Protein chains: 2
Amino acid sequence: MAKVDTSLVAHLPLFAGVSPDALDEILREARSARYPRNSAIFEQGADAQSFFLLLHGHVRAAKTTPTGEQIVVRYVAPGETFGLAMAIGAARYPATAIAVDDSVVLIWPTSAWPRLVERFPALAANTLQTVGTRLQESHTRILEISTQQVEQRVAHALLRLAKQSGKKLDHGIEIDFPISRQDIAQMTGTTLHTVSRILSGWESQGLVESGRQRIILREPHRIVVLAEQSPDSGAA
Amino acid sequence: MAKVDTSLVAHLPLFAGVSPDALDEILREARSARYPRNSAIFEQGADAQSFFLLLHGHVRAAKTTPTGEQIVVRYVAPGETFGLAMAIGAARYPATAIAVDDSVVLIWPTSAWPRLVERFPALAANTLQTVGTRLQESHTRILEISTQQVEQRVAHALLRLAKQSGKKLDHGIEIDFPISRQDIAQMTGTTLHTVSRILSGWESQGLVESGRQRIILREPHRIVVLAEQSPDSGAA
DNA sequence: CGGGGTGTTTGCGATAGCGCAAAACCAGCC
DNA sequence: GGCTGGTTTTGCGCTATCGCAAACACCCCG
């Protein structure tokens, strides 16, 4: 089994308050794996046999309806956990996880969780914290979808992505992984057509620069303004 | 301080795996209070000084935007906890809680949480479970808002309320607390007008019986059908 | 028993955003 | 260097849903 370097993960929120020895013990239960771009890490509905910690890359968690429509639940950034079905008492994954970039993850068997939590209660407390944060974000998203128009929602979504996974360039902030119009549509509850129109508009105003699965925010400040605009106060 | 009867709460998920003695100790830290109908239990943005367990009644948790629009985050049923800002590391309540019926709650000071969790790790595990479940429900809601039309969303919302807080009558299932069209609109991301139209329609088909802040599902089965209908397969 | 106030219904435009379809684009690959 | 397949753009008509406004219904209260 590959040895995992504790120093790489010790600072993560998940391990806050966990001693180096304990961390070592925890990591001994994990194995690591590499997923190439566009490969599935787990599928919605499958037995939740493992939970994951992303070390490198980016992962998209998406939920599919019986009729085939999808929404993006979130993008996982390095250092975050995902596939925590067991923590919430679910036997199956409620979403599908796809590596959107070549990614490296740590994998624990779900069966190890109860034991780990018993030995290291801080794990439960830390996980509670992150799950709670996600719950709040989720509520915020509901609020947005319910009260704002599409353009504002897209603005918010891109700003969040930029904050979470933005790479600073001299001419703006680039979102650091491949993302399509379709993906953005599924994050904001609209269609790829509408997203395309919006981005085209922004591009012609010099707010963004975008291409195939690639987006650069050129004028983050002015996009913030868009995001916070009330429904009517728009341009003439 | 009023003595709380442990037998009333011992079976709640929050206290799963907690011994009677421990439970007693936990309850000693709580006080109980009664909130009359329509009174606020806490306001969004206020210091999260307490967390709550609902014993009797019903509580609506709602989130308000800077511009004043509201959404209903959830309805709290007896036996459920709410106001858990501290568990997720928030210093302020992210939503407002209003008693929609005369309600009785147990109240713990937020400051007691760390100590309780340390002494009774099961509390953290149980809370993680419920927060996780709420997160999933929240994702499901996002999926619905993003992919279904209003009528289906309203159908789902009412069915959930009926399941959670329905009172069985011989002629149907009545939602057991006062709820307005406006409330339903805020649960489903639409307007009270649209909800009113939908309910009027249903009423004329004998699916529901409704009045001022009162809804009875007469034909739950047929409403389920509506809820699951795909966007186009509607009536001619 | 007569208000007053809140919640509900309904009509009637207005429109944001969808859905379809076609065309253009682009990146890699043989 | 020309194909091929996925992605993006854009035009156009359509409609579900909103928003406003006015009329109602009902409950509580005095």
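First the proteins, then the strands, lettered A, B, ... as listed; each starts at 1. Because the structure is predicted, anything quoted here is derived from the model rather than measured.
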Atom-pair distance (CG on B:Asp183; C1' on C:dG7), nearest Å:
11 Å

Identify, between B:Ile179 and B:Arg197, the residue whose nearest nucleotide on DNA chain C lies closer to the 5' end.
B:Ile179

At under 4.0 Å between heavy atoms, what does A:Ser200 touch on the DNA or RNA strands: base, sugar-phosphate, or nothing?
sugar-phosphate

List every contact pair, protein side and nucleotides 15-17 of chain D side both N or O, where the distance is under 3.5 Å.
from   : atom 1 : to       : atom 2 : distance (Å)
D:dT17 : OP1    : B:Val150 : N      : 2.9

Residues in ring-ring contact (aromatic ring centres under 6.0 Å, His included) with A:Phe42, at least two apart?
A:Phe52, A:Tyr93

Nucleotide C:dG7, atom P - distance to CD1 of B:Ile184 in whole Å
14 Å

Charged N-O contact under 4.0 Å between A:Glu209 and A:Arg218:
yes

Can a donor-acceptor pair be found between the side chains of B:Thr188 and B:Thr190 at a distance below 3.5 Å?
no

Got a salt bridge between B:Lys168 and B:Glu174, using NZ or NE/NH1/NH2 to carboxylate O under 4.0 Å?
no

What's the CD-P distance between B:Glu69 and D:dC18, to the nearest Å?
13 Å

Could you tell me whether B:Glu144 and B:Arg160 make a salt bridge, using a distance below 4.0 angstrom between a side-chain N and a carboxylate O?
yes

Pairwise N/O distances under 3.5 Å, protein to nucleotides 22-30 of chain C:
none

Within this structure, what is the CD-to-P distance between B:Gln213 and D:dA25, rounded to whole angstrom?
18 Å

Determine yes or no for a side-chain-to-main-chain donor-acceptor pair under 3.5 angstrom, with A:Asp102 supplying the side chain and A:Arg37 the backbone.
yes

Can you check the A:Gln182 CD to D:dT9 P distance for me, whole Å?
13 Å

Set out, in order, the CA-CA distance, both residues' side-chain angles and the distance that settles side chain to side chain donor-acceptor pair (under 3.5 Å) for B:Thr191 and B:Thr194, then state yes or no.
CA-CA 5 Å; B:Thr191 65; B:Thr194 300; 3.2 Å; yes

Given side chains that start at C-beta, do those of A:Leu8 and A:Leu55 come closer than 4.5 Å, heavy atoms only?
no

For this output row, return yes or no: ring centroids of B:Phe51 and B:Phe82 closer than 6.0 angstrom.
no

Rounded distance in Å - CG (B:Leu199) to C1' (D:dA25)
16 Å

State which of D:dC18, C:dT8, D:dT8 makes the closest approach to the side chain of B:Arg181.
C:dT8

Taken to the nearest whole Å, CD1/A:Ile215 to P/D:dT8 is 8 Å

